[in-house]
2 protein chains.
Amino acid sequence: MLSLSLCVAAAVALTTVTAQAPSALASSLPTQKIQGIPAVNPVKQPWIWPLPQNWERGSNTVKVSKNIRFEGKGARQPIVSKAIKRYEDLMFKKEDYPMIPYNWSTTDTKPSRSTLNTVVIDIKTNDDHLDMDTDESYTLTVPVSGKAVLQAETVYGALHGLETLSQLVQYYPERKSYYVPNAPWKISDFPKYKHRGILLDTSRHYYTVQEIEKLLDTLSWNKLNVFHWHMLDSTSFPYVSKKYPELAAHGAYTPRHVYTAKDIKHIVQFAKERGVRVIPEMEAPGHSTAWGYGIPEIASCLNTQPYFGYTVQPPAGQLNIAHPKTKEVVYGLIDEWAELFPDSFFHAAGDEVVMKCWENDTYITNHLQNTNQTLMQLFEKFVLDMEDHVRQKNKTVMVWQEMLLEYHFNLPKDTVIQVWIGSEGVKEVTSKGYKTIVSAQNFWYLDLGFGRPRSNPYPEVQGAGFNHWNRVYSYDMRANLTKAEADLILGAEATMWGELADPNNVEDRLWPRAAAFAERLWSGYETPKGEELISADAILRLLPWRERLVLRGVRAGPLNQGFCTRNPLDCFQPPNPAK
Amino acid sequence: MLSLSLCVAAAVALTTVTAQAPSALASSLPTQKIQGIPAVNPVKQPWIWPLPQNWERGSNTVKVSKNIRFEGKGARQPIVSKAIKRYEDLMFKKEDYPMIPYNWSTTDTKPSRSTLNTVVIDIKTNDDHLDMDTDESYTLTVPVSGKAVLQAETVYGALHGLETLSQLVQYYPERKSYYVPNAPWKISDFPKYKHRGILLDTSRHYYTVQEIEKLLDTLSWNKLNVFHWHMLDSTSFPYVSKKYPELAAHGAYTPRHVYTAKDIKHIVQFAKERGVRVIPEMEAPGHSTAWGYGIPEIASCLNTQPYFGYTVQPPAGQLNIAHPKTKEVVYGLIDEWAELFPDSFFHAAGDEVVMKCWENDTYITNHLQNTNQTLMQLFEKFVLDMEDHVRQKNKTVMVWQEMLLEYHFNLPKDTVIQVWIGSEGVKEVTSKGYKTIVSAQNFWYLDLGFGRPRSNPYPEVQGAGFNHWNRVYSYDMRANLTKAEADLILGAEATMWGELADPNNVEDRLWPRAAAFAERLWSGYETPKGEELISADAILRLLPWRERLVLRGVRAGPLNQGFCTRNPLDCFQPPNPAK
């Protein structure tokens, strides 16, 4: 049983938990309170997700005016001024957080007489170019009285600062007002990794522009900065090409399930205004059945039946890498995308090719005989030529790991290798001197765990493992690497493939697990002072962050029973402690 | 490659897939179509979920008037007339089903000149009492011309008939009209199992009345007829008792997270109007920490810290089975619930008790010493007395399997045993001559698969297995049973426990897997003619049923990539066929 003294201490915070009893009950209430929630929880980290690199807090609670004004030249920068409008809404959500004892993250509740009315935004440069090397750092100070100040090198740092500011603001239900507890604040923040992304598959299932917008908003709240758009796959071809409209006309699921150039421009601009880069992936030469519906001559083993052995999942079909029309079409699409997607990165795929598809295509076997080369030589030349075409557009080429680790193609050293098959690939890629982006499926595939229908519609019953948030959070990309190898990690992407995800369930699949991922990428594995960031601390901030995501309209799944949200210290104890 | 003849055959149905190209593209379209979808798919079962017991269909397509009238005395029965209003909306949803080639389930498309304007509803009895023995059968005929006729013994059979009728109606996008294909229809239907339920846990996470209403609607669409309301648990006590208001006042998460008598009456009536019984579970004497927040003396090991060893999951706390106040409170609540929940079944729980909790409670150990009995004797007496109190209310007692199989208590033979720990329990229970309701967690727990935080917030990374829809569908409750044992199976419940589910993700967790479960319970394992119902046939109906659920507003997850919804026969092939 709890000691009496702890019970007494608990009574203060618990007022907010049970004090607002329905009026019909109020007269009969005894004074007993729920036990176990400390009045002022000694939570060592503030409720900011992801955790800032450097932060100092004080012991005053400053009221925030709902008419807060944003001043300074930075506030008038177009991207920032739009963001301010969004955050004026996000900071002052009408509801409170009923499952979170609102003030247990604070170290004191001493009210300041002052009200926060003004935030001054100061941005060093007007240049709003967004790329991997964009400076995303910011500093934010919230004094006990006077103006808050947000300083950043770029608008993108300012966006992150606004997000952090919005998370400092907490609703105090008993006062029906908004406050920043623990002022004064002094935060100086920057990301540990430059490339922090989510891959979304819009071929296996289609997402509307509005659904993609919602994802982009949620990325930005988690300080993620890359949307890897896996638009094309064997299942459907939703891109409406100017030069080859027949690809979408026959390859899209329906005429409504398409992305036009206008849609793409809108999404790229929407993302940019949230500090998110959009990197397109041109899936080729595998996973490309749907190209063949519109232009049959560029496809091999198109919808071969039965499909087993010709593809990792239905339908069968790869690009015919011997046909001259194939290069023409691929290069034509690269030309279009190079303009539509201004980002300096371009993903050229190259994953999960099935040789049997090509080996049974007489066009290809004849071509090999006539040109006296092997299938692997033809494959390598197709891929390297395609990547060169991308490079001619001044783009950095990203590819999936098979290009290097399975096919051992002669990739230029500036190629960025995306690891997916397993975490051991990080060592293999970086030890060869290549830069990498990590999407190890044994940790950061967020679509797994629901049976194994990814390669077979009749799945094995138990299926591939589900990557729990704690597993997502616990993975260290740098494991077994030298310092030089670790320095080749540009960042990472969590993936949301489309076999079992669509707009109906994608938010539950992604959040809050992608938030755990996001903190690793932004905050890293230890603080600048060298203190390790661990899940036992993280969960105390991830619980309220999930509640805040729900409040913002994201259908994030719960991390545990509600009791653990209310009473995390009574729930998240070290397992099997000595009695 | 597909033969040319198949491609030609494919062109008819595919008109609907690609014909509505955006106008900007229309002029450039070649005639190539997506391959592989047969024009008229020889699907042997109609798109009705769950599959009716007996059905005959013809070869005419009858237009359905949007002003369809429902006639007959049955249509004026209050429950039916309300249902008609709902189904007038459900039958004529404004959108079509873009991912389903709408007519591939039909065996012919010969249009009838006639329009279906009228449905005559004939119900034998006016008695709207709903219980396990309620007759749920119905017959439905839809002629080529003239009136459709729906006949049933009870209003509840009529509700099922309306649901079936609504599923016969399909939208034809090219005619912008609604049709019943394959008329004339003659359906004669009844459920194989009488008890077909879903358990929802509203203690670990709270659901609003509106969220429960949506669940009840979805149950009825799947012809499920039991809502097992697991309202109470250790985590929170949301029930506002008239006699003991302090239980909710201190045990609910917040004053908003409660169910009043008025809420319960509303939910019971809402469910009844959908043919769904509401069976309350009074979780006791384990899993009952939250009772102790309001009335501390009735709890043992209340919130003992650290909790490991005292409970299967935090927080620790069980009812103090020695204290006289405990019986008083439990019986008082039973008295209240017996009135609020008119159903003849009442669940008295009895699961997952942890002896160490009681063994360390000096009140209990003193009592055992004074009364010269063992803990197990005290436990058995508490449980059997509680169950007797329920029986005095003219209720059938349901309990969890531990009562019989682990504690070997002397349960009367009319006790219904709910099996949950594993499917082998079905044999163990029925071989002892007890009736059973099956919720084997290795098949029909729908909350599992997301790590193992059910007993420990820091889960093992891979976690308990996810029960894929095909595993849910494939489970035969009768395995290894004699005929006499199998006859003791009253039905089953799929469970949705609350550790990792709340209103944000519960629909994706439940649907469409609970639909697969529902068909097993309604349709059984073979047709009346003895033909086995198998998943390879079921998937062809489950795919469009999932789309219809989405259209009705349910956030059901996808069963596979969209390609498989569009082209099921190209996707769901026998694995590893001989080439």
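What you are looking at is a predicted structure, and each value in this text was computed from that prediction instead of being measured. Chain letters run A, B, ... following the sequence lines, proteins first, then strands; residues in each count from 1. Worth knowing before you read on, the calculation uses all heavy atoms, side chains too, and leaves out hydrogens, waters and symmetry mates.
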Is it the case that the side chain of [X] and the backbone of [Y] share a donor-acceptor pair, with hydrogens and angles ignored and the cut-off at 3.5 Å?
X        : Y        : answer
B/Gln561 : A/Pro314 : yes
A/Tyr307 : B/Asp570 : no
A/Arg555 : B/Pro503 : yes

Exercise. What class does the angle between the rings of A/Phe450 and B/Phe450 fall in, given that below 30° is parallel, 30 to 60° is tilted and above 60° is perpendicular?
Worked result: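 Taking B/Phe450 first and then A/Phe450, their aromatic rings sit tilted (interplane angle of 30° to 60°).
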Less than 4.5 Å apart, side chain to side chain, heavy atoms only: is that true for [X] and [Y]?
X        : Y        : answer
A/Cys564 : B/Thr235 : no
A/Pro315 : B/Phe563 : yes
A/Arg566 : B/Thr254 : yes

Give, as side chain, backbone, both or neither, the part of [X] having an atom under 4.5 angstrom from any heavy atom of chain B.
X        : value
A/Val554 : backbone
A/Ala501 : backbone
A/Arg546 : side chain
A/Ala556 : backbone

Exercise. What's the spacing between A/Asn567 CG and B/Tyr253 OH if we round to 0.5 Å?
Worked result: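 Between atom CG of A/Asn567 and atom OH of B/Tyr253 there are 8.0 Å.
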For this session: State the CZ-CG distance between B/Arg509 and A/Asn505, to the nearest 0.5 angstrom.
Result: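 With rounding to 0.5 Å, CZ (B/Arg509) is 9.0 Å from CG (A/Asn505).
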For this session: Specify the closest pair of heavy atoms between A/His205 and B/Pro558, including all atoms of both residues, with the distance to one decimal.
Result: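 That closest heavy-atom pairing would be NE2-CB, 3.4 Å.
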Exercise. What's the shortest heavy-atom distance between B/Leu500 and A/Leu559, and which atoms?
Worked result: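 In this case the closest contact between B/Leu500 and A/Leu559 is CD2-O, 3.4 Å.
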For this session: Below 4.5 Å from any heavy atom of chain A, which atoms of B/Asn504 appear? Answer side chain, backbone, both or neither.
Result: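 For B/Asn504, backbone and side chain are both near chain A.
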